[in-house]
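The next block holds one structure in the form of structure tokens; read it before the comments.
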2 protein chains.
Amino acid sequence: MLGYQPNALARSLAGRPSHTLGLLWAESGSGPGDDGLSSFLAGLGEVLYTAGYTLALAGGVSPNELALRLDELLSRQVDGLILLAAAFPDDERLIRRLAEGACPLVVCGAAPEGIPAARVDINQAEGMQLATAHLLALGHRRLAYLDAPGEWPYRGRREGFLTAVRGSNPAPESILIATNGGESSGYQVGERLLRASHPPTAFVCANDALAIGLMRAAWSQGVAIPEEVAVVGFGDSPAAAYTVPALTTVRGSLRAVGADAGRVLVEAVATGEPAKGTYLTSPKLVIRESCGSHLWL
Amino acid sequence: MLGYQPNALARSLAGRPSHTLGLLWAESGSGPGDDGLSSFLAGLGEVLYTAGYTLALAGGVSPNELALRLDELLSRQVDGLILLAAAFPDDERLIRRLAEGACPLVVCGAAPEGIPAARVDINQAEGMQLATAHLLALGHRRLAYLDAPGEWPYRGRREGFLTAVRGSNPAPESILIATNGGESSGYQVGERLLRASHPPTAFVCANDALAIGLMRAAWSQGVAIPEEVAVVGFGDSPAAAYTVPALTTVRGSLRAVGADAGRVLVEAVATGEPAKGTYLTSPKLVIRESCGSHLWL
DNA sequence: GTGAAAGCGCTAACAT
DNA sequence: ATGTTAGCGCTTTCAC
């Protein structure tokens, strides 16, 4: 008789690996902002499924929820675990459970301290370096960096900016400005800085929201972008293509991140070693209109 | 001794329900367009996890892949299944397996024919009716509807438009225009229709991309929106808030759809009955600038 | 080589 | 009430 399906549960019970990988998703709770998940899952799924694994997905917002979901995943005898988080709660008990869970771990995005895991991410620093270098190449010598709070992903971006600036000779003037990372914060900075006596000629923004806010401020003050001031964002949010002028920004492939995460984890499970190392995929600069390079011909 | 975790596999093997629900995701393969998944999963997860279920996620693009994933899910002894698809392949063998799978089924989005399942979706028709009624209330009497191909979700939207038009007295003039659903298609229609001798005064578009393309065409021909022509979209894509003028459009909550799907499935699993019925969540009209009602005061 | 038996961790149906 | 046992579907071991 054909069409027989072995019972995966029984198989796993009998000592075989479960061929299930857990994805623990720390929702940021910040609403619809955290999209890109479908790309991530598509990339992840592609490698997992061809490797014969199934994905168990669980998530939550609070440390308590996450701990519960983690236990459920573990009780499902997952062979490995992926942590996906824009901001992973720094809960000590949670982190301990994770470390004790004792299955290979890979973390994407925010990385909790003190657990043995591989890290996969897009290369935030490289992306911001690309963006900054673009501005520098266009001749800008007075740069403002609109920073955003939180370790991930902003620390890497900030460093990328800094290394680009430091690597430039002669050294350009640069100023770092702290913001809350939101559009309105970008607007406020623009309002203040654009009417300064000797304003920056280029703004590099830690994310697209800041850039969009800044552009709004420029518009409302009648300063022309990109003619008078250049701006770059980071993230290539869907809105970036529709702003006026269209925003030059950095795009990372979440799909690639998902695929990397899958590969690293599958490999670790296969060898029985804990996953380790850092795997960074290179983002690219998508050049639109907000820096003016499209006017060059 | 504390901290003991029962083995979920063994428990399920011993005859108990697996407390695992499968999510079979038919990726459209159309790239990053199909986002909103994170909202859906957040809504779904919220109800599943509090009900004590874990999610097994698997997906693919082709019918073959989907059939494979489905078998894996089934072999995991899932208690119920959710089908998530913008366009579910009409593969006969796949559909048969689904029907034979004999666990409660709920489908979100495109619904294959001939399987006993509950359907959950946003109320496409109601949304488009809302949008059309808005235009009608603003006094428009010559409407063009930019249709898009494919059964789901466009059939419902079209019907919503039609019932709004039919319900209006005196009946407005209306014309249905077939497009391919893309921005460029919207642009072409705009190019053609806007220079007609007696053009429509309002355009209702099956999705935001069409609306954006249409607005581009209007811009390039110097026709003013919303002063000369009004336009509404559907979907509230992230770009909609950033077009100039900002696009009035219909927004449905994917999060609510996910939550509904979870509720319906959990209920069906609990009662042991196959899931059935249709569950529609009401979208709302987000009024921005492209229809002109914001000018009214 | 093929075939029988033990056991994975748990639950259900028994027996005491 | 508590304790014991069979068995879920598979894999692995050990005997033939």
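Protein chains get the first letters and strands the later ones, always in sequence-line order, with residue 1 at the start of each. Given the structure is predicted, the values throughout are model-derived calculations rather than measurements.
In 5' to 3' order, the nucleotides of DNA chain D bounding all contacts with chain A (an atom under 4.0 Å from a heavy atom) are dG9(D) to dT12(D).
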Show the atom names and distances, to 0.1 Å, of all donor-acceptor pairs under 3.5 Å that link a side chain in residues 256-267 of chain A to residues at least two apart or in another chain.
unit_1  : atom_1 : unit_2  : atom_2 : d
D260(A) : OD1    : R263(A) : NH2    : 2.9

Side chains of residues 74-85 of chain B: which donor-acceptor partners sit under 3.5 Å, not counting sequence neighbours?
unit_1 : atom_1 : unit_2 : atom_2 : d
S75(B) : OG     : E72(B) : O      : 3.1
R76(B) : NH1    : T54(A) : OG1    : 3.1
R76(B) : NH2    : S18(A) : O      : 2.6
R76(B) : NH2    : H19(A) : O      : 2.9
R76(B) : NH2    : T20(A) : OG1    : 2.8
D79(B) : OD1    : S18(B) : N      : 3.1
D79(B) : OD1    : S18(B) : OG     : 3.2
D79(B) : OD2    : S18(B) : N      : 3.3
D79(B) : OD2    : H19(B) : N      : 2.7

Atom pairs and distances, donor-acceptor, side-chain atoms in residues 95-103 of chain A, under 3.5 Å, two or more places apart:
unit_1 : atom_1 : unit_2 : atom_2 : d
R97(A) : NE     : D71(A) : OD1    : 2.6
R97(A) : NH2    : D71(A) : OD1    : 3.0

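Atom pair Q77(B):CD and dC10(C):P shows a separation of 18 Å (rounding to whole Å applied). The CZ atom of R16(B) sits 14 Å away from the C1' atom of dG9(C) (whole-angstrom rounding). One interatomic measurement links the two molecules: CG of L9(A) to P of dT11(C), which rounds to 13 Å at whole-angstrom precision. Rounded to whole Å, atom P of dT11(C) lies 5 Å from atom CZ of R11(B).
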Could you give me the CA-CA distance, side-chain angles and deciding distance for D121(A) and Y279(A), then say whether side chain to side chain donor-acceptor pair (under 3.5 Å) is met?
CA-CA 7 Å; D121(A) 193 0; Y279(A) 305 80; over 6 Å; no
Evaluation steps, side-chain contact (heavy atoms from CB on, under 4.5 Å), between Y49(A) and R69(B):
CA-CA 8 Å; Y49(A) 301 147; R69(B) 298 315 148 231; 3.3 Å; yes
Intra- and inter-strand pairs of DNA chain C in dot-bracket (Watson-Crick or G-U wobble, both distances under 3.5 Å; | for another strand)
.|||||||||||||..
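The shortest side-chain heavy-atom distance between L41(B) and L57(A) falls under the 4.5 Å cut-off.
Looking only at atom types and distance, the side chain of T249(A) has a donor-acceptor partner in the side chain of D208(A) under 3.5 Å away.
Contacts classified as ring-ring contact (aromatic ring centres under 6.0 Å, His included) and involving residues 80-119 of chain B (residues at least two apart or in different chains) are not found.
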